[in-house]
2 protein chains.
Amino acid sequence: MNKNIKTLNQKIKQQGYRMTRQREIVLDELSKAKGRHPKADEIYQMVRKRMPHISFGTVYRNLRLLKELGLVRELCFGKSFSRFEASVDNHQHFSCMTCGKVVDIDEPFEVSASNVYVGGKPIEVDEYRLEFYGRCDDCR
Amino acid sequence: MNKNIKTLNQKIKQQGYRMTRQREIVLDELSKAKGRHPKADEIYQMVRKRMPHISFGTVYRNLRLLKELGLVRELCFGKSFSRFEASVDNHQHFSCMTCGKVVDIDEPFEVSASNVYVGGKPIEVDEYRLEFYGRCDDCR
DNA sequence: TGGGTAATGAATAAAAATATCAAAACGCTG
DNA sequence: CAGCGTTTTGATATTTTTATTCATTACCCA
């Protein structure tokens, strides 16, 4: 049982949720897919190898819940579907505007989000997302 | 006829496309909706007031084309749909994680995207997107 | 270990994105 | 400015993704 799963256990119980095998496997598989940024259906396929009878609805609902708990991040890059990744250290992405491929970039850019104003009033920012777009080597 | 439409005319012809009334109205309505970040269906409703017989497919296809031409930007903030805005000056957004509302922030953050590396190799970045997330006053 | 309740599985609904194709419209060319 | 090849439209259908429903299952606390 890895660190993510332990954190999951804690957070789940705190909020009145329950720990299920499905939930654990979804997070575990996503953690193992570091750098792959799979979409919901791909995660379903991955999880199904370990738990063949799991339903897509369960995977989907758990992704939403894990996102609420801050253990999973949802990413979108102008395609018609979301991608997911396990929340690890702060990092950013490059996405190819042609083929849609997404890769992690080497060094994270730091943005100081403490001075964000809207209509002259300061806004409390919980997180930010910085994404880079261009064309990958294959698509150029 | 505003400046955006003139640019549209130029770019359209250059690339072998044609100028149509539908195309012009889609861009014009989106230009007038500065700060609203409508989704495709909302743009369709706006355009329909001026051109009642236009079809959703036409609006949708033109949004895609205008995006290709760089006159329109597609935005997504973790909801299940895209938002659009006319390409104007560089600026960034704040999105409420609860209600999904999106607003422009006052001062743009500058990110120097010249040193982006993936797997040790430099990547040519055409654009970047920086978004801030939190909860708006109403949702707190 | 029993029981109240959250979660699952299976199915389906709803929403959003995309494709198809005959008919219409654009705009070049003479 | 009229004819014509080609692009674009309108209308509709299809696919993909997201979200919901509800009877049954399985957590987990006392």
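Proteins get letters first, then strands, A, B, ... in listed order; numbering begins at 1 in each. When reading the values below, keep in mind they use all heavy atoms of this one structure, side chains included, and skip hydrogens, waters and symmetry mates.
For B:F56 and C:dA15, the CZ to C1' distance is 10 Å, given to the nearest whole Å. One can place CZ of B:R18 at 9 Å from C1' of C:dC28, the figure rounded to the nearest angstrom. The interatomic distance linking A:R23 (CZ) with C:dT8 (C1') rounds to 10 Å, in whole Å. Whole-Å rounding puts the B:R83 CZ to C:dA15 P distance at 16 Å. Put simply, CG on A:L65 is 17 Å from P on D:dT18, counting in whole angstrom units. Distance CD (B:E24) to C1' (D:dT8): 15 Å, rounded to an integer number of Å.
A salt bridge does not link B:E42 with B:R36: every distance from a Lys NZ or Arg NE/NH1/NH2 to an Asp or Glu carboxylate oxygen is 4.0 Å or more. Salt-bridge formation is not detected for the pair A:E127/A:R129: no Lys NZ or Arg NE/NH1/NH2 atom is positioned less than 4.0 Å from an Asp or Glu carboxylate oxygen. Salt bridge A:E29/A:R50: present, at least one basic N to carboxylate O contact under 4.0 Å.
If you check distances only, the side chain of A:R61 does reach the base of D:dT21 with a donor-acceptor pair under 3.5 Å.
Contacts of B:P108 classified as side-chain contact (heavy atoms from CB on, under 4.5 Å), with partners at least two apart in sequence or in another chain: B:N90, B:Q92.
Contacts with DNA chain C (heavy atom under 4.0 Å) in residues 44-55 of chain A: A:H53, A:I54, A:S55, listed by number. Taken residue by residue, residues 69-82 of chain B places heavy atoms nearer than 4.0 Å to DNA chain C at B:S80, B:F81, B:S82.
Only one option out of B:K67, B:K39, B:R83 pairs with B:E74 in a salt bridge (Lys or Arg N to Asp or Glu O under 4.0 Å); it is B:K67.
Contact between A:F94 and B:E124 at its shortest, heavy atoms only, is CE1-O, 3.9 Å.
Using a 30° and 60° split on the angle between ring planes, B:H37 and B:H91 fall in the tilted class, from 30° to 60°.
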